[in-house]
2 protein chains.
Amino acid sequence: MSKATIKDIARAANVSVATVSRVVNNGPKVGAKTRERIQHLISTMGYQPNINARSLVMKKAATIGVVIPDVADPFFAALANGIDQIARENKVQLLISTGQVSAESEMKAITSLMQQRCESIVIHSKKIPDETLIALFNDNPKFVLIDRYIEAISHRCIWLDNHIGGQKAADYFSELNHSNIACVNSNLDIDDPKERLAGFQRGLASHGLTLNDKLITYASPSLQGGEQAAQDLLKQNTPFSAIFVYNDAMAIGVISTLEDKGLSVPNDVSVIGFDDVLLSRYSRPKLTTLRYPIDSMAKNAALLALSANINPTAQSSSYSPELVIRESTQAL
Amino acid sequence: MSKATIKDIARAANVSVATVSRVVNNGPKVGAKTRERIQHLISTMGYQPNINARSLVMKKAATIGVVIPDVADPFFAALANGIDQIARENKVQLLISTGQVSAESEMKAITSLMQQRCESIVIHSKKIPDETLIALFNDNPKFVLIDRYIEAISHRCIWLDNHIGGQKAADYFSELNHSNIACVNSNLDIDDPKERLAGFQRGLASHGLTLNDKLITYASPSLQGGEQAAQDLLKQNTPFSAIFVYNDAMAIGVISTLEDKGLSVPNDVSVIGFDDVLLSRYSRPKLTTLRYPIDSMAKNAALLALSANINPTAQSSSYSPELVIRESTQAL
DNA sequence: TTGAAAGCGTTACCAC
DNA sequence: GTGGTAACGCTTTCAA
């Protein structure tokens, strides 16, 4: 029964609401015995401050918001979880607002949070144009952009260096002596696939290797997409012994199709995924992949969003994916 | 810049705040032209109602809360996602509050939500005692309990019939002519493992089969737990051709160990999991499992929590797990 | 050390 | 149709 208000406590304690407010907020200048008496009343009467009233007068809420496309996707669930941990440590409530991957709904998700007077928001947005975001960030000093880099607001971006990821995959394939190399990419119209591919190609080039255009296929970044892409690859009738795949889900789809066609992974073909989601440790063979350190990225984003004064001169926060070698790759 | 208040709009439009409030809330009795003029001002001045002020006077917030142990766990992520979908449809903000699996932190998560004046809360709690929950639900008519059944508040419970799940597994093993049967269960001190096992044993009995006590092992409900449990099983030196496993993660661990020891699934041993999480479709062999319809359960829970008048005479909401046959089982 | 009172931005009731 | 105004529960000067 959280019906008791600050007035009820004040009345019961024979003091003014001001005094009660002081003890609730650990304010100074309250007599030891009054404080104790009030505290007692608070717990026996089960008083809980009304956060709405507080937010109203303070003109801000003790909340942190996060905008993601979807809670069910393991990747975004991990992102939300990282933020949640920081939120708990700082005793602020987590507000999750989902927008599909469309500029409009991403924007809607953000305004919804702003209406709650939520000041600190970690935003994952692939579709809102740069300029819109820049304007938004200028008005809202506690917004943080995750998984995306925009020059003008770089000190409030937490992003992954996709190029390096591609490069590391290329380096590893080269080290393993592969030379007939394929790539399965995402067909989504966002930057990440392009960057990963570019990095991969540059890495290959640095080892004197090249990627045959016929061996680049695109599909939706899912298990089914991976299965589809692998079939397309096989149709090319062009030999390959290694594939760099856009993400782990696709990679598992690719492997599944390959094995159905009698090709063994890693004996006949090596596969590298991307993200290192839970899945990759459960699959057989366990997936060699590039770890997306989403947990620490999320935590840092939350910390940044919560910190009162965002330091514009802070070092920029680019993260590098780490190669995790498991069982889906092998030397030729 | 969401600085404009209702007063600013009123002033600019030369009307009273009351009138502005009416158009904001689509209230009746506003002149067509005044309404239009005000609407124009609202959008040009970028006015957004302060939700805290609104909640304060309305004594309730347009939010729905959910209490789960963890956002990162795919099962709970799916639960949260179902609720989120209903929340979006009803234009209410989703509040997620995580408590580990402990009575204390589950309780903390609930009070945190109540402080926000969140009335509708979907609670997943395994540890808070029945009586506490009953008292809580009596004071809060819009709470809903998910994944647990308590007689006294049964019309506000949405739960899965674990017994039937166990029974269906038993039926299927019997149909497949298995008779040397094992069980890998969770060692967590909650009801679900007991219920699933009881249902399984009853099902077996109805087919004249029995479960050798030596072939029941307990471990943590995770991949590693499954691996461990399978090793324990093998040590018994008691033959078995089928295993009923507590959940999919464990089942994948079990399969992994089995195959490492040279036993093929399903050729040498059939495995049935529980939950039908994403994982089970990605594993090889794809898992035969009992589907936990968490998505529809979550949606119904959300609907129930949001509905103004919870009907105490409503039919109780027990769900049955459905057997999903894939590749990890086969007839003897 | 304590109290009185002025807001914070809304909604809703009652006049006009 | 429209306006005035009292709440809602809290924090924070300013006085005492």
Side-chain angles (χ1 to χ4, degrees), chain A residues 1-39 41-42 45-63 93 111-119, chain B residues 1-39 41-42 45-63 91-93 111 114-119:
Chain A
M1 206 64 83
S2 62
K3 279 265 213 139
T5 79
I6 199 173
K7 281 184 191 165
D8 299 326
I9 304 292
R11 203 170 303 128
N14 249 308
V15 296
S16 75
V17 296
T19 306
V20 178
S21 176
R22 287 188 190 102
V23 355
V24 169
N25 299 289
N26 284 311
K29 297 172 181 296
V30 184
K33 31 189 62 173
T34 9
R35 157 165 278 131
E36 202 174 334
R37 180 162 42 102
I38 294 178
Q39 256 154 358
L41 255 0
I42 286 181
M45 300 179 63
Y47 166 70
Q48 298 196 334
N50 182 320
I51 302 232
N52 291 304
R54 174 179 286 169
S55 302
L56 180 57
V57 37
M58 310 258 281
K59 287 163 171 295
K60 65 173 182 183
T63 55
Q93 170 69 42
T111 36
S112 148
L113 254 20
M114 290 174 65
Q115 281 192 37
Q116 312 269 338
R117 263 40 180 184
C118 175
E119 299 193 309
Chain B
M1 207 64 84
S2 61
K3 279 265 214 138
T5 79
I6 200 173
K7 283 184 190 165
D8 299 326
I9 304 291
R11 202 171 303 130
N14 249 307
V15 295
S16 74
V17 295
T19 306
V20 179
S21 178
R22 285 186 193 105
V23 355
V24 169
N25 298 290
N26 284 310
K29 296 172 181 294
V30 185
K33 34 190 58 174
T34 9
R35 159 165 274 132
E36 202 175 334
R37 182 160 42 102
I38 293 178
Q39 254 152 1
L41 254 1
I42 285 180
M45 299 179 62
Y47 166 70
Q48 298 196 333
N50 183 320
I51 304 232
N52 291 124
R54 174 178 289 169
S55 303
L56 180 57
V57 42
M58 309 255 281
K59 288 163 170 295
K60 64 173 180 181
T63 55
K91 298 185 191 312
V92 305
Q93 171 68 43
T111 34
M114 290 173 67
Q115 280 191 38
Q116 313 270 337
R117 264 42 181 182
C118 176
E119 299 194 307

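Contact annotation for A:V24: no contact, since no heavy-atom pair falls under 4.0 Å across all strands. As judged by a 4.0 angstrom heavy-atom cut-off over every strand, B:N25 is placed among residues touching the sugar-phosphate backbone only. Within 4.0 Å of B:P28, counting heavy atoms only, lies no atom of the nucleic acid at all. Residue A:S21 is in base contact, counting any heavy-atom pair closer than 4.0 Å across all strands shown. Within the nucleic acid shown, A:T34 comes within 4.0 Å of sugar-phosphate atoms alone, with no base atom in reach, counting heavy atoms only.
Distance, B:K59 NZ to D:dC8 C1': 6 Å, rounded to whole Å. Atom NZ in A:K60 sits roughly 13 Å away from atom P in D:dT11 (whole-Å rounding). Rounding to whole angstrom units, CZ of residue A:R54 and C1' of D:dT11 are separated by 9 Å. Atom-to-atom, CD1 of B:I9 to C1' of D:dT2 comes out at 18 Å; the value is rounded to the nearest Å. Atom CZ in B:R37 sits roughly 15 Å away from atom P in D:dG1 (whole-Å rounding). At whole-Å resolution of the value, CE in A:M58 and C1' in D:dT11 are 7 Å apart. For the pair B:N50 CG and D:dC8 P, the interatomic distance rounds to 18 Å; values are reported in whole Å.
Each of B:L56 and B:N14 was matched to the nucleotide of DNA chain D holding its nearest heavy atom; the match closer to the 5' end belongs to B:N14. Along DNA chain D, the nucleotide nearest to A:P49 and the one nearest to B:V17 differ in position, and the one closer to the 5' end is contacted by B:V17.
Nearest nucleotide to the side chain of B:V57, out of D:dT11, D:dA7, D:dG3: D:dA7. Relative to the side chain of B:V30, the nucleotides D:dT2, D:dC10, D:dG9 differ in distance, and D:dT2 lies closest.
A:V23 has its side chain within reach of A:I42: a pair of non-hydrogen atoms, C-beta onward, lies under 4.5 Å apart. Counting heavy atoms from C-beta outward, B:Q116 and B:T63 have side chains that stay 4.5 Å or more apart. Residues B:Q93 and A:L113 form a side-chain contact, since some pair of their non-hydrogen atoms from C-beta on lies under 4.5 Å apart. Within the 4.5 Å cutoff, the side chain of B:R54 has heavy atoms near those of the B:N25 side chain. Between A:R117 and B:N50 the shortest side-chain heavy-atom distance falls below 4.5 Å.
Atoms OG and CZ, on A:S16 and A:R22 in that order, are 6.0 Å from each other to the nearest 0.5 Å. A:N52 contributes atom CG, which lies 10.5 Å from atom CD of B:Q115 (distance to the nearest 0.5 angstrom). Rounding to the nearest 0.5 Å places CD1 of A:I38 at 9.0 Å from CD1 of A:I6.
Using a 4.0 Å cut-off, no side-chain N or O of B:T19 falls inside it from OP1 or OP2 of D:dT2. In this structure, A:T5 does not reach the D:dG9 phosphate: none of its side-chain N or O atoms is under 4.0 Å from OP1 or OP2.
Checking side-chain atoms of B:S21 against main-chain N and O of B:V17 turns up no donor-acceptor pair under 3.5 Å. Between the side chain of A:R37 and the backbone N or O of A:A13 there is at least one donor-acceptor pair closer than 3.5 Å.
Extent of DNA chain C lying under 4.0 Å from chain A heavy atoms, first and last nucleotide in 5' to 3' order, is C:dT1 to C:dG9.
With hydrogens and angles left out, the side chain of B:R117 and the base of D:dG9 share no donor-acceptor pair within 3.5 Å.
An end-to-end axis angle of 40° holds for the helix from C:dT1-D:dA16 to C:dC16-D:dG1, taken from five base pairs per end and rounded to 10°.
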